[in-house]
**Q** 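Could you have a look at this structure, given as structure tokens, before my questions?
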Amino acid sequence: MTTRPTDPTEEAPTMPRLTDALIEPLEALLCDADGNLFPSEEPAFVASADVTNRFLAAHGIDRRFTAEELRLATTGKNFRTTAAELAADAGVPVTDLDRWVAEEKTAVTAHLGQVLRPDAEVTAALTALDAHLTLAAVSSSALTRLAACFTATGLDELVPPADRYSAEDSLPTPTSKPDPAVYLHACTALGIDPARGLAVEDSVPGALSAVRAGCPTVGNLRFVAPAERAEREAQLREAGVVAVVSSWAELTDLLLPVLSTRPAPVGGAA
């Protein structure tokens with residue numbers, strides 16, 4: 001694998017330069033969900049901020065967040081981790097976290113199911129890559145939230161429930177990115193070595209999770225706000241991604257010329 005530059009201003013390796021070392025052994029595309037497959041993070045934080053603020057008030061913590069403040073502070077983490085960290089920072093013990101996790105899950109799931117819509121670029125990219133790689137979702141979010149998002153965005157057939165892995169629901173002990181546990185679990189479930197699963201991540205915690213699991217990782221800025229892209233790109237490179245793309249179309253254009261020269265997976269890609 002090409003070594004990443006340590007200077008964020010230095011030109012980083014591009015996907016074509018990695019074809020011999022990276023593309024040839026790939027078996028799966030491991031996709032972060034929120035902010036990567038669909039623009040769910042901003043609307044999710046609208047619903048989550050209300051629950052977060054009520055959680056803080058109920059535990060006597062004198063701190064409140066707007067949806068945007070919460071997004072900037074916690075992107076890539078799930079509510080369980082966020083709430084536990086906020087309580088720990090305030091020195092407040094929490095014994096009812098599961099109840100609040102369930103309440104936040106219900107509120108966010110309902111809101112996302114109403115506001116998300118299919119995205120033609122994402123659908124086209126996944127459809128093209130599905131012919132060559134097993135597609136899977138690897139997320140910090142709960143499976144019920146993922147189900148609402150995949151249905152609302154029309155991606156159920158491309159990434160069915162059996163190929164979705166949640167740090168909240170799929171592990172013996174719930175966790176969140178940047179813990180690599182959910183990527184390691186996904187690779188084990190798919191029967192692949194982490195080096196054969198190309199992760200696609202938009203957030204720094206997500207990229208760290210994949211990199212720490214041993215997955216080659218691409219940073220994707222498709223749904224990152226334009227004003228935040230330069231900083232996010234530098235942060236993703238610092239986290240260890242092998243490349244950064246601005247869209248799913250760009251990633252597909254780089255991968256397909258190499259993947260199309262290989263035979264399709266036996267039995268077809270999932």
Side-chain angles (χ1 to χ4, degrees), residues 1-5 11-39 118-139 150 153-155 157-160 163-165 183 186-187 189-203 206-211 213-224 229 232-233 236-237 239-270:
M1 185 178 299
T2 303
T3 302
R4 66 179 177 85
E11 182 180 356
T14 59
M15 191 64 67
R17 287 172 55 191
L18 297 171
T19 53
D20 291 341
L22 174 61
I23 304 303
E24 183 60 30
L26 287 184
E27 297 181 26
L29 192 70
L30 309 177
C31 306
D32 173 55
D34 294 299
N36 184 50
L37 291 177
F38 26 75
D119 184 283
E121 179 192 302
V122 175
T123 301
L126 293 185
T127 299
L129 295 171
D130 182 49
H132 306 280
L133 298 169
T134 297
L135 304 183
V138 184
S139 175
F150 276 87
T153 55
L155 298 177
E157 292 188 8
L158 285 164
V159 188
D163 293 322
R164 302 171 194 167
Y165 303 96
Y183 271 102
C187 290
L190 293 169
I192 64 169
D193 185 273
R196 293 182 178 270
L198 180 65
V200 186
E201 283 278 356
D202 68 294
S203 74
L208 288 171
S209 174
V211 169
C215 300
T217 306
V218 172
N220 182 15
L221 305 178
R222 170 65 175 85
F223 293 116
V224 176
R229 287 191 174 191
R232 182 71 61 84
E233 179 173 354
L236 288 167
R237 293 194 190 281
V241 302
V242 295
V244 176
V245 297
S246 62
S247 67
W248 276 98
E250 182 181 347
L251 178 61
T252 306
D253 288 345
L254 293 174
L255 289 175
L256 281 183
V258 178
L259 294 175
S260 61
T261 66
R262 311 183 319 178
V266 177

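Below, all heavy atoms of this structure are taken into account, side chains as well, without hydrogens, waters or symmetry copies. These figures come from a predicted structure and were not determined experimentally. Along the sequence shown, the residues carry numbers beginning at 1.
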**Q** Suppose we screen for salt bridge (charged side-chain N to carboxylate O under 4.0 Å, His left out). Which residues come up paired with Glu233, at least two apart in sequence or across chains?
**A** Arg237

**Q** According to salt bridge (Lys or Arg N to Asp or Glu O under 4.0 Å), does anything in residues 215-224 pair up with another residue at least two apart or in another chain? List the pairs.
**A**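 Qualifying pairs, neighbours excluded: Asp119-Arg222, Glu121-Arg222.
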
**Q** Determine the minimum heavy-atom distance between Leu26 and Pro216, stating which atoms define it.
**A**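 For Leu26 and Pro216, the tightest heavy-atom pair comes out as CD2-CG, 4.4 Å.
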
**Q** If you look at every heavy atom in Leu126 and Leu135, which pair is closest and at what distance?
**A**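 That closest heavy-atom pairing would be O-CD1, 3.5 Å.
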
**Q** Compare all side-chain heavy atoms of Leu129 with those of Thr252 and state whether any distance is below 4.5 angstrom.
**A** yes

**Q** Search all heavy atoms of Ala137 against all heavy atoms of Val159 and return the closest pair with its distance.
**A**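 Nearest pair, atom of Ala137 first, then Val159: N-CG1, 3.7 Å.
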
**Q** Specify the closest pair of heavy atoms between Gly154 and Pro118, including all atoms of both residues, with the distance to one decimal.
**A** N-CG, 4.4 Å

**Q** Nearest 0.5 Å please: distance from the SG atom of Cys31 over to the CZ atom of Arg164.
**A** 12.0 Å

**Q** Just to verify, what does Ala28 make a side-chain contact (heavy atoms from CB on, under 4.5 Å) with, not counting sequence neighbours?
**A**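 With sequence neighbours excluded, Ala28 shows a side-chain contact (heavy atoms from CB on, under 4.5 Å) to Leu30, Thr134, Leu190, Ile192, given in chain and number order.
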
**Q** Locate the shortest heavy-atom distance separating Ser246 from Glu250; write the atom from each residue and the value.
**A** OG-OE1, 2.7 Å

**Q** So does Pro25 get a backbone contact from the side chain of Arg196, meaning a donor-acceptor N/O pair under 3.5 Å?
**A**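 Yes.
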
**Q** Apply side-chain contact (heavy atoms from CB on, under 4.5 Å) to Thr153 and list each qualifying residue two or more places apart in sequence or on a separate chain.
**A** Phe38, Leu116, Leu155

**Q** Applying ring-ring contact (aromatic ring centres under 6.0 Å, His included), can you list everything that pairs with Tyr183, at least two apart in sequence or on another chain?
**A** none

**Q** Checking the side chain of Trp248 only, and the main-chain atoms of Thr123 only, is there a donor and an acceptor separated by less than 3.5 Å?
**A** no

**Q** Might you point out which heavy atoms bring Thr217 and Ala210 nearest each other, and give the distance in Å?
**A**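 Shortest heavy-atom contact: OG1-CB, 3.3 Å.
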
**Q** Can you name the residues that form a side-chain hydrogen bond (donor to acceptor under 3.5 Å, both in side chains) with Thr127, not counting sequence neighbours?
**A**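 With neighbours one apart ignored, the set is empty.
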
**Q** Would you say the side-chain atoms of Arg229 pair up with the backbone N or O of Leu221, donor to acceptor, closer than 3.5 Å?
**A**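 Present.
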
**Q** Decide side chain to side chain contact (heavy atoms under 4.5 Å, CB included) for Cys187 and Asp193; before the verdict, give the C-alpha distance in whole Å, the side-chain angles of both, and the deciding distance to 0.1 Å.
**A** CA-CA 6 Å; Cys187 290; Asp193 185 273; over 6 Å; no

**Q** Among residues at least two apart in sequence or on other chains, which ones pass salt bridge (charged side-chain N to carboxylate O under 4.0 Å, His left out) with Arg232?
**A**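 Partners of Arg232 by the salt bridge (charged side-chain N to carboxylate O under 4.0 Å, His left out) criterion, ordered by chain and then number, come out as Asp202, Glu228.
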
**Q** At what distance, to the nearest 0.5 angstrom, does CG of Leu29 lie from CG of Leu198?
**A**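 Interatomic distance, Leu29 CG to Leu198 CG, rounded to 0.5 Å: 5.5 Å.
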
**Q** Closer than 3.5 angstrom, by distance alone: can the side chain of Asn36 be matched with the main-chain N or O of Val200 as a donor-acceptor pair?
**A** yes

**Q** Can you name the ring-ring contact (aromatic ring centres under 6.0 Å, His included) partners of Phe223, sequence neighbours left out?
**A** none

**Q** Under the side-chain contact (heavy atoms from CB on, under 4.5 Å) test against Leu251, which residue among Val218, Leu256, Val244 passes?
**A**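 Testing Leu251 for a side-chain contact (heavy atoms from CB on, under 4.5 Å) against Val218, Leu256, Val244 leaves exactly one candidate, Val218.
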
